[in-house]
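Here's the structure we're looking at; comments come further down.
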Amino acid sequence: MPWTSTNRIYAKPSNTGSGDITSYASSGAKAAATAAADSGGRFELSDHGYGKNSIKLLHVHRDGEYHVIREFEVSTELKLTSESAYVIGDNKEVVATDSQKNTVYLLAKKHGIKTPEEFGAVVVNHFLYTYRQVVEAKCHIVEYPWERLQAGIPHNHAFIFAPTATRWCEVFQARHDAVTVKSGLKGLRVLKTTQSAFVDFVQDEYTTLADAPERIFSTIVEAEWTYDNMKSADFDNAWLTVKEAILEKFAGPPETGVYSPSVQHTLYQAEKTVLEKVAEISWIRMTMPNRHYLNIDVSKFPANVTKGDPRHYIYQPIDKPAGVIYAQLRRRPKSHL
Ligand SMILES: O=c1[nH]c(=O)c2[nH]c(=O)[nH]c2[nH]1
């Protein structure tokens, strides 16, 4: 889906002044009130920012009988040119976090929320355009996983919470720069009972793990990615494609599955599928913790207490520790040869 009709998203805000700007304190006071000046050159503020976290918001789009909902937690963060609020307690340039919260509701009312990524761009753009003292704006959005209720046919206005995976995005814009968008998925918990192995790894005096030609594979996937060409990006489609690529490469076809020689290989396969399928994604990073399920070793028990139905297999789920496997796959620049 292209960006919304508002072309403000791609404009590069300048600080040379505009009718939009409603607040700006004198630069004289700002120059003096730095941590470096205040501390006689001993210290400097190496980072700062402030905002409102987890602004809860339900967007309902009522189109006759057919209603669409999206629920979010939106967090905003601004960085000001001035250090005055920190160093001398001068709040003249501070856009209150309470006002940031109000702004989120008012922008949602005005523009609606088509995708979290597009709404995040509206929010950061607004802060940079409206307040000259804002040098950077960030908006982090987490979406609640509501799905339309299916009652034979899709229900017009009832929904069910289906937390298969949580969608999030982070939108950032610095003054004079374009918007950048990072999208992500977390909490996608999966398990399969065969077609997973881990063999042929280093065997030395530190090793007790035996080759496992057959094991349980379970993980809780996290993924994040950015876009090369945001103008043509279809954010909803990208998120669904990432989720489906992970499920496809983890599970394989329903009847036969797909063999996994390691978490590493399955993770790479999923990332490669995403870059093949979604042209606008420039890189993707996935993390797959290896949630271990240990075979219960019954060999030390007498046969009369261990024998039973051979179709029963009992494992011990292990919460901690978990293996942690991650990789980031990006497109290589096209060769000019
Ligand atoms: O798929 C795996 N990768 C590893 O690196 C590893 N290490 C380990 O102990 N078990 C596994 N499994």
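For ligands, and for the atoms within them, numbers begin at 1 and follow the listed sequence. Count residues from 1 along the sequence.
- The pair Lys114-Asp236 does not meet the salt-bridge criterion, since no charged nitrogen lies less than 4.0 angstrom from a carboxylate oxygen.
- For ligand 1, the atoms sitting less than 4.0 Å from at least one non-hydrogen atom of Ser262 are 1 (O), numbered in the order shown with element in parentheses.
- Using a 4.0 Å cut-off between heavy atoms, Met288 makes no contact with ligand 1 at all.
- Remark: Arg215 engages no residue in a salt bridge (Lys or Arg N to Asp or Glu O under 4.0 Å) (not counting sequence neighbours).
- Remark: Lys186 pairs with no residue by the salt bridge (Lys or Arg N to Asp or Glu O under 4.0 Å) rule, at least two apart or across chains.
- Salt-bridge check for Lys249 with Glu244: failed, with every basic side-chain N at 4.0 Å or more from each acidic carboxylate O.
- Note: Phe198 and Phe201 have parallel aromatic rings, judged against thresholds of 30 and 60 degrees for the angle between ring planes.
- Between His61 and His59, the ring planes are tilted. Angles from 30° to 60° get that label.
- For a threshold of 3.5 Å applied to N or O pairs, the pair formed by Val263 and ligand 1 contains at least one separation below that value.
- Of the N or O atoms in His292, none lie within a sub-3.5 Å distance of an N or O in ligand 1.
- In summary, the atoms of ligand 1 found under 4.0 Å from a heavy atom of Leu209, numbered by their order in the structure, are 8 (C), 9 (O).
- Ranking protein heavy atoms by distance to atom 12 (N) of ligand 1, first place goes to Arg215 NH1, 3.0 Å.
- Looking at atom 8 (C) of ligand 1, its nearest protein heavy atom turns out to be Phe198 CE2, 3.6 Å.
- Here is the list of ligand 1 atoms found below 4.0 Å of a heavy atom in Gln264: 1 (O), 2 (C), 3 (N), 4 (C), 5 (O).
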